[in-house]
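Quick one: this structure, given as structure tokens, is what I'll be asking you about.
Start at 1 with the first residue, then count along the sequence. Just so you know, these numbers come straight off a predicted model, no measurement behind them. Computed over heavy atoms, backbone and side chain alike; hydrogens, waters and symmetry mates excluded.
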Amino acid sequence: QLQLVESGGGLVQPGGSLRLSCAGSGFSLDHYAIGWFRQAPGKEREGVSCLSSSSDGETYYADSVKGRFSISRDNAKNTVYLQMNSLKPEDTAVYHCAALETQWLSIEAMCETMVVPYEYDYWGQGTQVTVSS
């Protein structure tokens with residue numbers, strides 16, 4: 001079955017860290033642009049961080065996470081990671097990863113404007129991140 005599988009979410013105290021994983025099942029992620037999106041209750045979905053395909057490697061971070069989050073790719077493990085440090089309560093949300101084979105926008109535009117599942121070739125089921133003391 002072709003799908004994205006997220007893992008790594010959980011409950012963490014403010015200031016803590018988590019690493020989310022987005023694994024490709026049944027297909028190779030290395031020529032896909034990958035995005036991480038989050039949605040908190042009562043709030044709109046937002047692009048958190050995006051990464052161009054391996055041949056390009058451009059990254060984008062939302063201002064709210066810049067300097068705290070880092071996106072990376074491990075082609076050998078067919079996985080994209082989102083390292084989240086210095087977590088804040090406002091980072092609490094369900095996090096989804098998404099994969100797009102043909103990136104026709106800049107990585108910034110993709111992350112900021114393409115935030116719904118049907119715009120992507122693959123959309124993961126989501127993992128809950130809760131930041132609370």
Side-chain angles (χ1 to χ4, degrees):
Q1 187 175 1
L2 306 180
Q3 60 182 348
L4 292 174
V5 180
E6 299 108 333
S7 61
L11 173 63
V12 64
Q13 292 186 340
S17 298
L18 284 174
R19 188 178 75 163
L20 304 185
S21 299
C22 173
S25 176
F27 69 104
S28 176
L29 291 182
D30 66 353
H31 60 281
Y32 283 77
I34 304 295
W36 283 98
F37 302 86
R38 68 185 181 186
Q39 188 165 22
K43 294 188 177 180
E44 293 186 352
R45 184 179 293 123
E46 64 170 337
V48 175
S49 180
C50 293
L51 175 65
S52 290
S53 64
S54 293
S55 62
D56 192 346
E58 285 187 283
T59 60
Y60 166 86
Y61 297 96
D63 288 342
S64 58
V65 306
K66 207 169 289 183
R68 300 187 297 122
F69 290 12
S70 177
I71 192 169
S72 63
R73 182 193 298 270
D74 186 337
N75 288 334
K77 295 184 178 180
N78 203 30
T79 300
V80 171
Y81 300 101
L82 184 68
Q83 178 67 43
M84 306 186 297
N85 300 326
S86 302
L87 283 161
K88 304 175 181 180
E90 51 263 43
D91 294 317
T92 296
V94 176
Y95 285 71
H96 297 266
C97 66
L100 183 66
E101 186 171 20
T102 304
Q103 182 194 330
W104 57 84
L105 296 175
S106 69
I107 199 66
E108 176 178 352
M110 182 186 106
C111 224
E112 291 184 342
T113 67
M114 293 175 62
V115 296
V116 293
Y118 70 78
E119 294 181 296
Y120 291 85
D121 297 304
Y122 301 97
W123 186 273
Q125 83 286 354
T127 185
Q128 175 71 47
V129 171
T130 302
V131 185
S132 175
S133 54

Show me the donor-acceptor pairs within less than 3.5 Å that the side chains of residues 13-20 make with the rest of the protein, sequence neighbours left out.
unit_1: Ser17; atom_1: OG; unit_2: Asn85; atom_2: OD1; d: 2.9

ask   = Can Val94 and Gln39 be said to form a side chain to side chain contact (heavy atoms under 4.5 Å, CB included), step by step?
value = CA-CA 5 Å; Val94 176; Gln39 188 165 22; 5.6 Å; no
request  = Measure the shortest side-chain to side-chain distance between Asn78 and Ser28 over non-hydrogen atoms and say whether it is less than 4.5 angstrom.
outcome  = yes
remark   = Applying salt bridge (Lys or Arg N to Asp or Glu O under 4.0 Å) to Glu6 and not counting sequence neighbours gives none
request  = Apply salt bridge (Lys or Arg N to Asp or Glu O under 4.0 Å) to Arg68 and list each qualifying residue two or more places apart in sequence or on a separate chain.
outcome  = Asp91
note = Tightest non-hydrogen contact, residues Ser52 and Gln103, listed as OG-OE1, 3.3 Å
Heavy-atom pair with the smallest gap, counting every atom of Val5 and Gln125 = CA-OE1, 3.9 Å
inquiry  = Are Tyr32 and Phe37 linked, directly or through intermediate hydrophobic residues, by side-chain heavy-atom contacts shorter than 4.5 Å (ILVMFWY only)?
reply    = no
ask   = Does Thr130 have any side-chain contact (heavy atoms from CB on, under 4.5 Å) partners at least two apart in sequence or in another chain, and if so, which?
value = Leu11, Thr92, Gln128, Ser132
key: Lys43: partners by salt bridge (Lys or Arg N to Asp or Glu O under 4.0 Å), with sequence neighbours left out   = none
Validation: residues 108-117 side-chain donor-acceptor distances under 3.5 Å, sequence neighbours left out:
unit_1: Glu112; atom_1: OE2; unit_2: Tyr60; atom_2: OH; d: 2.9
unit_1: Thr113; atom_1: OG1; unit_2: Ala109; atom_2: O; d: 2.6

query = Between His96 (side chain) and Gly124 (backbone), is there a donor-acceptor pair under 3.5 Å?
reply = yes
Hydrophobic cluster membership, Tyr120 vs Trp104, 4.5 Å side-chain cutoff = yes
query = Distance from Ser25 atom OG to Tyr122 atom OH, nearest 0.5 Å?
reply = 10.0 Å
query = Checking side chain to side chain contact (heavy atoms under 4.5 Å, CB included) for the pair Thr59/Ile107: CA distance, chi angles, key distance, verdict?
reply = CA-CA 7 Å; Thr59 60; Ile107 199 66; over 6 Å; no
task = Specify the closest pair of heavy atoms between Leu4 and Trp123, including all atoms of both residues, with the distance to one decimal.
result = CD1-N, 4.2 Å
key: Which atom of Leu51 lies closest to which atom of Gly57, heavy atoms considered   = CD1-O, 4.0 Å
message = Check whether Asp30 reaches the backbone of Asn75 with its side chain - one donor and one acceptor, N or O, closer than 3.5 Å.
response = no
message = Under the criterion side chain to side chain contact (heavy atoms under 4.5 Å, CB included), I'd like the reasoning laid out for Glu90 against Ser64: C-alpha separation, chi angles, the key distance, then a yes or no.
response = CA-CA 9 Å; Glu90 51 263 43; Ser64 58; over 6 Å; no
Tyr61 versus Phe69, closest heavy-atom pair with distance = CE2-O, 3.2 Å
ask   = Quick one: does Leu82's side chain get under 4.5 Å of Ser49's, heavy atoms only?
value = yes
message = In this structure, would Val65 and Tyr81 fall into the same cluster of hydrophobic residues linked by side-chain contacts under 4.5 Å?
response = no
query = Quick one: do Trp36 and Leu29 end up in the same hydrophobic cluster if we chain Ile, Leu, Val, Met, Phe, Trp and Tyr together by side-chain heavy atoms under 4.5 Å apart?
reply = yes
query = Where is the tightest heavy-atom contact between Met84 and Val129, given as atom of each residue plus distance?
reply = CE-CG2, 3.8 Å
